[in-house]
Amino acid sequence: MSTPVDDPLSRERSHLSASRSALRAMREDVEALDITDVTANWVNAEVLARQIEERIKALADLSDTPLFFGRLDYLHAPGAEQAEGADGERFYIGRRHVHDHDGDPMVIDWRAPVSQPFYRASKKDPMDVALRRRFGYTRGDITAYEDEHLSDPSAVTLSGSAGEARTSKLLQQEIERPRVGPMRDIVATIQPEQDEIVRSGLSGTVCVQGGPGTGKTAVGLHRVAYLLYAHRDRLARTGTLVIGPNRSFLHYIEQVLPALGELTVQQATVDDLVAHVEIKGTDDATAAVVKGDARLARVLRRALYAHVTMPTEPVVVVRGSRRWRIPAYELEELVRELLDRDIRYGAAREALPQRIAHAVLVQMERSGEAPDDRVQDAVARNSAVKAAVKAVWPAVDPAKLVLRLLSDAEFLAVHAEGILDEDEQKAILWAKPARSVKSAKWSAADAVLIDEATDLIQRTHSLGHVVLDEAQDLSPMQYRAVGRRCTTGSATVLGDLAQGTTPWATRGWQEALTHLGKPEALVEELTAGFRVPTDVITYASRLLPHIAPGLTPVVSIRENPGHFEVRPVSGPKDVVEACRELLRHEGSTGLIAADARVPELAEALEQARIPYLGPGEETTVDTRLTLVPASLAKGLEYDYVVLDEPRAVVDGEPDERTGLRRLYVALTRAVSGLIVTHAAGLPPQLASTTLH
């Protein structure tokens, strides 16, 4: 019988304890840094202090989160020639790098090249790995391990806390583990096809089409973490951004990157990016579709450059006793040259006085003078030059430009001729024109138009990498707004065409990527479902022929089929009882309902004295029920879901197709179990086949 010290599980626990101590020492070393005499001024001191603070946060040891989740035993030393008798090495794979006081690694970052075989090695291609070990954890302590001898495909060892063989698979357990609160990372369960996307290069844009439960959001977030590891210096200069559909979604995912030690990634919605004006109004579906059409970019460009007029008078610059005259035809040549260069309106306007001043300097030199750059700058600031520029190339405020287009039917008609028909022009014209930018009742779509106009005038700052999630709901103009933020960088686009629930939802990824400015992007499809149970995704997939014909259905690879039931009810009390049943299980529960039915269900929950939260409020483990309007369910996940009245979800949308897509989203939020409750009849697309 083995003594405890020889027990593999005891040895792994000992390594975990030593690794935690080493991480604590790393953090203490940073905390002890004295920067009093190493900074030249208070600005440098502030920057360095902030960097140290971020480093301390990144080195936090999350007690309930495994410090490492796997181990690789190589046949040979990585990078060495695989000669017979070469010594192999052992690496523990975790969320971040940990080293001892001598600098020797105790845990290797999952993003390091030596960690890649943990995700990709197989029996067919062991990648020089002799053994891959996965660890099972309970509240941060190692309780089990699973060995895969890749050099001997027939050998698999499973061990529990008592050292006895078990039949459970740790990987499957981790995938199916109940969750409460915000989204967790999937670093321990990344699959080979996901890892290929995660580790794809910074220079290329990747679009991931993935059905419910395929892990596309997690893949996008882990790709950011990987890129920050592989290209930290570059991305530190250029910046990274994660764009989500709403605040609830961003709150749900906000802990994933910090758990991986990445604290500098900004998060925003598209509305945040284009927040040039206060949103006070809304558009009907027809107006929103037209305003979101990429053709509006052409209308805006026409309207903007219509402000440029050809000069009809010369410019006369007086300097001392001399007068220098630039004729109108020469001024026109300068203006046309700037127009032909197709640079930003504002940049061209700033360049024009310098061009005029240069023309004056040429005349000065011909007359025998020797002016320098200071003279040219002085001429460019001359009142006559300023007056000419103001007349020929006036400053334009982007919000005022959009205001005039939406308020002035004649102005819109002139610049939309041949682009928008009369009905489309009428659809976007305000019934009651606004007097000023401040008093206007701007809609979200109007703000995107202002952002487009702003970029026509002054180039938008580009980031190094942008992740765009739930992209299928963006309009072409919104894609352009996001694309402006990564013109010199790359993007990860995540979405599911079957879950598009806006009137302008994406019809195809190639068209969307073109609007984004990344037509060469690689499109990858994830079809293996890791989160949604088989019975649930099979039921929801009945809708696919009606909402996304030709799209590959998700195939669940989960061993646990999950709980699934379609239950007729008589009213809200029965719906509340279904919630009460699911709350007896471990994990989170979501009650998803058509937006119009939320107040009635909220009242029923209060009468039953069942506490609940709204989406994005999941901050405690005490309240495990979330009441979710169907319009906010996209991207969220709950262990168990009660879906109230599918027919009401469909009827709550402007058309049946959009309603069925909204229903598809709602049906696929469950990770472990789903109860569909209905007093009215089910939509025929669901009721066509009886499962029970």
Separation of T214 OG1 from E525 CD (nearest 0.5 Å): 9.0 Å
Any T626 side-chain heavy atom under 4.5 Å of T589 side chain: no
Atom CZ of R27 with >12 non-hydrogen neighbours under 6.0 angstrom: yes
Nearest non-hydrogen partners of I186 and A218, listed with the distance: CD1-CB, 3.5 Å
Check: T240/H465 side-chain N/O donor and acceptor closer than 3.5 Å: no
Value rounded to 0.5 Å, distance of CG in D233 from NE2 in H231: 11.0 Å
Test log, rule salt bridge (Lys or Arg N to Asp or Glu O under 4.0 Å), inputs E586 and R624: CA-CA 9 Å; E586 181 185 0; R624 296 188 293 113; over 6 Å; no
Between F69 and Y137, ring centroids under 6.0 Å: no
Modelled atom types, side-chain donor and acceptor of D125 and S122, under 3.5 Å: no
Least distance between heavy atoms, L494 atom then Q472 atom: O-OE1, 4.4 Å
Minimum heavy-atom distance G292-P476, with the two atoms named: O-CD, 3.1 Å
Side-chain donor-acceptor contact under 3.5 Å, H15 with E12: no
Q209 (side chain) donor-acceptor with C207 (main chain) under 3.5 angstrom: no
Check: D595 side chain, S631 main-chain N or O, donor-acceptor pair, under 3.5 Å: yes
Side-chain heavy atoms of L150 within contact of L131, under 4.5 Å: no
Pairwise side-chain contact, V536 with L674, heavy-atom cut-off 4.5 Å (strictly under): yes
side-chain contact (heavy atoms from CB on, under 4.5 Å) evaluation trace for V114 with Y74: CA-CA 10 Å; V114 75; Y74 277 88; 3.7 Å; yes
Electrostatic pair E146:R132 at N-O distance under 4.0 angstrom: no
Ring center gap for W110 and H222 short of 6.0 angstrom: yes
From CA spacing to verdict: side chain to side chain donor-acceptor pair (under 3.5 Å), S21, R24: CA-CA 5 Å; S21 296; R24 187 162 52 251; 3.2 Å; yes
Side chain to side chain donor-acceptor pair (under 3.5 Å) between Y226 and S200, intermediate numbers included: CA-CA 9 Å; Y226 171 77; S200 54; over 6 Å; no
Check: D446 side chain, S443 main-chain N or O, donor-acceptor pair, under 3.5 Å: yes
Exceeds 12 heavy-atom contacts within 6.0 angstrom, atom CZ of R459: no
Minimum heavy-atom distance between V554 and P212, given as atom pair plus value: CG1-O, 3.9 Å
Backbone N/O of G483 and side chain of T487: donor-acceptor pair under 3.5 Å: no
T501 side chain reached by D473 side chain, heavy atoms, under 4.5 Å: yes
Stepwise salt bridge (Lys or Arg N to Asp or Glu O under 4.0 Å) test for D185 and R95: CA-CA 10 Å; D185 65 74; R95 285 167 172 74; 2.9 Å; yes
E31, CD: over 12 other non-hydrogen atoms inside 6.0 angstrom: yes
Gap between atom CG of D73 and atom CZ of R90 - 0.5 Å precision: 4.5 Å
Lys/Arg-Asp/Glu bridge criterion (N-O < 4.0 Å) met for E262, R232: yes
Closest non-hydrogen atom pair, S248 against L632: OG-CD1, 4.4 Å
4.5 Å side-chain heavy-atom contact, V467 and I243: no
Point-to-point distance, once rounded to the nearest 0.5 Å, from CZ of R223 to OG1 of T492: 3.5 Å
Exam field: side chain S672 to backbone Y640, donor-acceptor pair closer than 3.5 Å: no
Expected output: side-chain Q478 to main-chain S475 donor-acceptor under 3.5 Å: yes
Minimal non-hydrogen separation, A528 against E193, with atom names: CB-OE2, 4.2 Å
Flag if over 12 foreign heavy atoms under 6.0 Å of NZ, K280: yes
Candidate list D451, D455, D272, test salt bridge (charged side-chain N to carboxylate O under 4.0 Å, His left out), partner R485, passing option: D451
Heavy-atom side-chain proximity of V224 to L228 below 4.5 angstrom: yes
Heavy-atom check, side chain of D141 versus side chain of T138, under 4.5 Å: no
Ring geometry between Y92 and F135 (parallel below 30°, tilted from 30 to 60°, perpendicular above 60°): parallel
Pair L241-V265, side-chain contact (heavy atoms from CB on, under 4.5 Å): steps then yes or no: CA-CA 6 Å; L241 175 67; V265 180; 6.0 Å; no
Donor-acceptor contact present, side-chain D639 to main-chain S588, <3.5 Å: yes
Main-chain N/O of I450 paired with T454 side-chain donor or acceptor, under 3.5 Å: yes
Test item: D100 side-chain N/O and D102 main-chain N/O as donor-acceptor pair under 3.5 Å: yes
Candidate pair L474 and W504, rule side-chain contact (heavy atoms from CB on, under 4.5 Å), full reasoning: CA-CA 7 Å; L474 268 61; W504 51 83; 5.7 Å; no
Lys/Arg cation over aromatic Y252: R247, 6.0 Å, 45° cone: no
Spacing of CD1 belonging to I592 relative to CZ belonging to R662, to within rounding of 0.5 Å: 11.0 Å
cation_pi(R669, Y638) dist<6.0 Å, angle<=45: no
Worked verdict on S19 versus F68 for side-chain contact (heavy atoms from CB on, under 4.5 Å): CA-CA 9 Å; S19 297; F68 56 80; 4.1 Å; yes
Lys/Arg-Asp/Glu bridge criterion (N-O < 4.0 Å) met for R96, D109: no
Close side-chain approach of L516 to V493, heavy-atom, < 4.5 Å: yes
Rounded distance [0.5 Å steps], CG in L235 versus CG in L463: 9.5 Å
Donor-acceptor contact present, side-chain T514 to main-chain Q510, <3.5 Å: yes
